J.: 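Below is the structure I would like to discuss, written out as structure tokens.
Small disclaimer: the values here were computed from a predicted structure and weren't measured.
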Amino acid sequence: MINAFASTLLKWYDTHKRELPWRNETDPYKIWISEIILQQTRVAQGWNYYLRFIERFPNLQTIYDAGEQEVLKYWQGLGYYTRARNIYAGAVYLIETCKGIFPNTYDEILKIKGVGSYTAAAIASFAFHLPYPVIDGNVLRVLSRSHGIYDPIDTALGKKKITALANKLISKTNPSIFNQAMMDFGAIQCTPQQLQCEHCYFSNSCYANLHCEQNTLPVKIHKTKTKNRFFFYLHIEKDNHIYLQKRIGKDIWKGLYEFPLWETEEHIAEKHLYNHPYLLSCFVDTDWKIKHISPVFKHVLTHQIISAVFIHIIITKPLHLPQTILIDKTDIVNYPVSRLMEKYLTEYL
DNA sequence: ATCCGGGCGC
DNA sequence: GCGCCCGGAT
């Protein structure tokens with residue numbers, strides 16, 4: 001006995017489903033990788049990352065043997081780099097603690113670092129056909145509209161109500177298809193903007209369509225405050241070698257590499273950089289010359305706006321900068337870097 | 001130029 | 001609850 005919602009959804013899916021590289025995949029390892037990539041990421045953006053990642057790391061052991069830095073390198077540009085570090089940590093855990101066998105219950109899958117309720121439900125249903133509904137942004141949007149749920153979806157209560165509803169609606173005989181259908185429906189038909197209610201399979205049952213509430217549902221509280229940061233990167237060059245440092249601590253881009261960074265409270269105009277006391281203090285024991293100062297690169301993150309200037313400095317004697325490494329500049333390709341660094345390097349290195 | 005979407009760890 | 005990233009749409 002299947003409910004009307006699931007029945008309509010599966011009918012829609014039959015003729016509208018997307019062909020995706022990880023669709024119909026049965027290997028839990030590959031499902032895990034695809035779902036981590038898809039966290040906070042659109043299909044179009046994750047598509048090639050997935051193919052390249054799986055080609056280089058076809059199984060757990062290849063990740064284990066490669067190490068965190070190479071995993072980060074394959075993640076470069078995708079954002080939310082914690083995901084890549086968690087994949088490495090997860091591979092170590094699965095090999096060392098789980099004997100390389102992917103766990104096959106929801107609760108055990110949930111123990112993998114970086115796997116929360118959404119990803120655990122995805123793996124449990126796709127790989128093991130267990131009846132756990134995935135609750136992602138698509139599902140929250142679709143069900144808040146179809147069933148007229150006004151509790152904000154970015155609160156615990158809103159998520160709890162929709163999770164309870166999804167648990168009732170999910171097909172117990174084919175949870176995998178139900179989950180994939182929900183997400184495709186959200187991504188293709190019941191989109192955040194410019195939705196196509198007139199041709200929708202749910203047009204005569206959907207609460208939002210019947211009450212013209214498409215633009216008010218889902219409700220969100222929306223509260224992100226952004227702060228400005230000012231980065232001055234020291235692109236210091238000596239005989240075709242450059243200095244790099246690894247980002248550590250509780251800040252953005254942890255684990256990625258960048259030029260030695262001078263962060264300030266305020267922007268500093270280009271004309272004041274040439275004899276700035278800070279720069280003078282950096283180069284007391286060597287000849288140095290500013291070869292080029294880049295325009296301001298504006299880089300926008302969720303809650304930070306970074307204004308970055310790259311100062312290209314030529315030196316003649318080596319520096320002894322703490323926490324930095326000196327590499328041949330052509331070796332930069334082996335180091336994971338932020339999109340901001342990548343854009344500068346592409347243009348100016 | 002700005003807005004928007006998208007799960008997890010702490 | 002807050003901080004994490006980027007590209008595409010507007």
Side-chain angles (χ1 to χ4, degrees), chain A residues 32-49 72 74-90 93 109-124 132-142 144-145 152-160 162-163 166 179 182-184 186-188 190-195 215 217-229 231 247-256 258 295-308 336-343 346:
Chain A
W32 172 49
I33 297 299
S34 70
E35 289 304 333
I36 302 293
I37 288 175
L38 291 172
Q39 287 170 7
Q40 308 296 96
T41 304
R42 285 180 177 75
V43 163
Q45 200 195 347
W47 189 294
N48 283 97
Y49 277 90
L72 273 169
Y74 275 76
W75 211 265
Q76 178 175 311
L78 197 51
Y80 290 118
Y81 298 96
T82 299
R83 295 182 293 169
R85 298 197 305 274
N86 284 341
I87 282 181
Y88 176 69
Y93 166 76
I109 295 167
L110 200 52
K111 290 180 182 169
I112 302 165
K113 214 168 177 205
V115 173
S117 57
Y118 162 79
T119 308
I123 298 171
Y132 292 87
V134 292
I135 310 296
D136 73 341
N138 289 312
V139 175
L140 292 169
R141 184 173 62 252
V142 169
S144 78
R145 285 175 177 163
I153 60 168
D154 51 356
T155 63
L157 178 65
K159 288 192 181 85
K160 193 178 161 190
I162 291 179
T163 301
N179 279 338
M182 280 296 284
M183 291 192 290
D184 272 18
I188 296 169
C190 195
T191 49
Q193 271 109 33
Q194 294 171 331
L195 46 175
N215 294 322
L217 289 171
V219 176
K220 282 190 190 182
I221 290 178
H222 197 78
K223 49 186 184 243
T224 40
K225 56 167 189 254
T226 59
K227 69 172 177 185
N228 292 306
R229 297 178 75 175
F231 285 9
R247 287 190 70 90
I248 52 169
K250 283 178 61 172
D251 200 353
I252 57 171
W253 299 329
K254 192 167 126 193
L256 304 192
E258 64 189 5
V296 179
F297 283 66
K298 189 178 160 188
H299 195 80
V300 181
L301 286 67
T302 322
H303 57 290
Q304 304 187 22
I305 299 172
I306 296 167
S307 300
V337 298
S338 68
R339 207 80 175 87
L340 171 61
M341 277 287 292
E342 196 184 357
K343 281 175 179 163
T346 305

J.: Compare every heavy atom of I306(A) with every heavy atom of L340(A), then report the nearest pair and how far apart it is.
T.: CD2-CG2, 4.3 Å

J.: Which one, dC8(B), dG7(C), dC10(B), comes nearest to the side chain of Q45(A)?
T.: dG7(C)

J.: Counting just side-chain N and O atoms, does K254(A) come under 4.0 Å of either OP1 or OP2 of dC5(C)?
T.: no

J.: Respond yes when some side-chain nitrogen or oxygen of Y81(A) is under 4.0 Å from OP1 or OP2 of dC6(C), and no when none is.
T.: yes

J.: Is the phosphate of dG7(C) approached by T41(A) (side-chain N or O, under 4.0 Å from OP1 or OP2)?
T.: no

J.: Would you indicate, yes or no, if dC3(B) has its OP1 or OP2 atom less than 4.0 angstrom from a side-chain nitrogen or oxygen of Q193(A)?
T.: no

J.: Establish, with yes or no, whether the OP1 or OP2 oxygen of dG5(B) is under 4.0 angstrom from a side-chain nitrogen or oxygen of R141(A).
T.: no

J.: Look at all strands and tell whether K113(A) reaches a base, only sugar-phosphate, or nothing, counting heavy atoms closer than 4.0 Å.
T.: sugar-phosphate

J.: Quick one: do K343(A) and F297(A) satisfy side chain to side chain contact (heavy atoms under 4.5 Å, CB included)? Show the steps, please.
T.: CA-CA 9 Å; K343(A) 281 175 179 163; F297(A) 283 66; 4.2 Å; yes

J.: With a 4.5 Å limit on heavy-atom distance, are the side chains of T82(A) and K254(A) in contact?
T.: no

J.: Looking for any heavy atom pair under 4.0 Å, which part of the strands does L301(A) touch: base, sugar-phosphate only, or nothing?
T.: base

J.: What's the closest nucleotide to the D136(A) side chain, out of dC6(C), dG7(B), dG5(B)?
T.: dG7(B)

J.: V115(A) near the nucleic acid: base, sugar-phosphate alone, or nothing, with a heavy-atom cut-off under 4.0 Å?
T.: sugar-phosphate

J.: Let me know the distance between CD of Q76(A) and C1' of dG7(C), rounded to the nearest Å.
T.: 16 Å

J.: May I have the distance from Y118(A) (atom OH) to dG9(B) (atom P), rounded to whole angstrom?
T.: 14 Å

J.: At under 4.0 Å between heavy atoms, what does K227(A) touch on the DNA or RNA strands: base, sugar-phosphate, or nothing?
T.: nothing

J.: Q304(A) has an atom CD; how far is it from atom P of dC2(C), in whole Å?
T.: 15 Å

J.: For the base of dG6(B), is there a side-chain donor-acceptor partner from R42(A) under 3.5 Å away?
T.: no

J.: Roughly, in whole Å, what's the span from CD in Q39(A) to P in dC8(B)?
T.: 5 Å

J.: Nearest whole angstrom, please: distance from the P of dG6(B) to the CD1 of I36(A).
T.: 17 Å

J.: Start at the 5' end of DNA chain B and walk down; is the nucleotide closest to Q40(A) or to I112(A) reached first?
T.: Q40(A)

J.: Reading DNA chain B from 5' onward, which residue's closest nucleotide shows up sooner: T119(A) or P192(A)?
T.: P192(A)

J.: Between the base of dC5(C) and the side chain of T302(A), is there a donor-acceptor distance below 3.5 Å?
T.: yes

J.: Does the pair D251(A)/R229(A) count as a salt bridge with the N-to-O cut at 4.0 Å?
T.: yes

J.: Calculate the interatomic distance between L110(A) atom CG and dC8(B) atom P; express it in whole Å.
T.: 9 Å

J.: Could you walk me through whether W75(A) and I87(A) pass the side chain to side chain contact (heavy atoms under 4.5 Å, CB included) test, one step at a time?
T.: CA-CA 10 Å; W75(A) 211 265; I87(A) 282 181; 3.5 Å; yes

J.: W253(A) CH2 to dC5(C) P: how many Å, rounded?
T.: 9 Å

J.: Counting just side-chain N and O atoms, does N138(A) come under 4.0 Å of either OP1 or OP2 of dG6(B)?
T.: yes

J.: Select from A156(A) and H299(A) the residue whose nearest nucleotide in DNA chain C is closer to the 5' end of that strand.
T.: A156(A)

J.: Could you state the NZ-C1' distance from K298(A) to dC3(B), rounded to the nearest angstrom?
T.: 11 Å

J.: I would like to know whether N228(A) and I305(A) meet side chain to side chain contact (heavy atoms under 4.5 Å, CB included); could you show each step before the answer?
T.: CA-CA 5 Å; N228(A) 292 306; I305(A) 299 172; 3.5 Å; yes

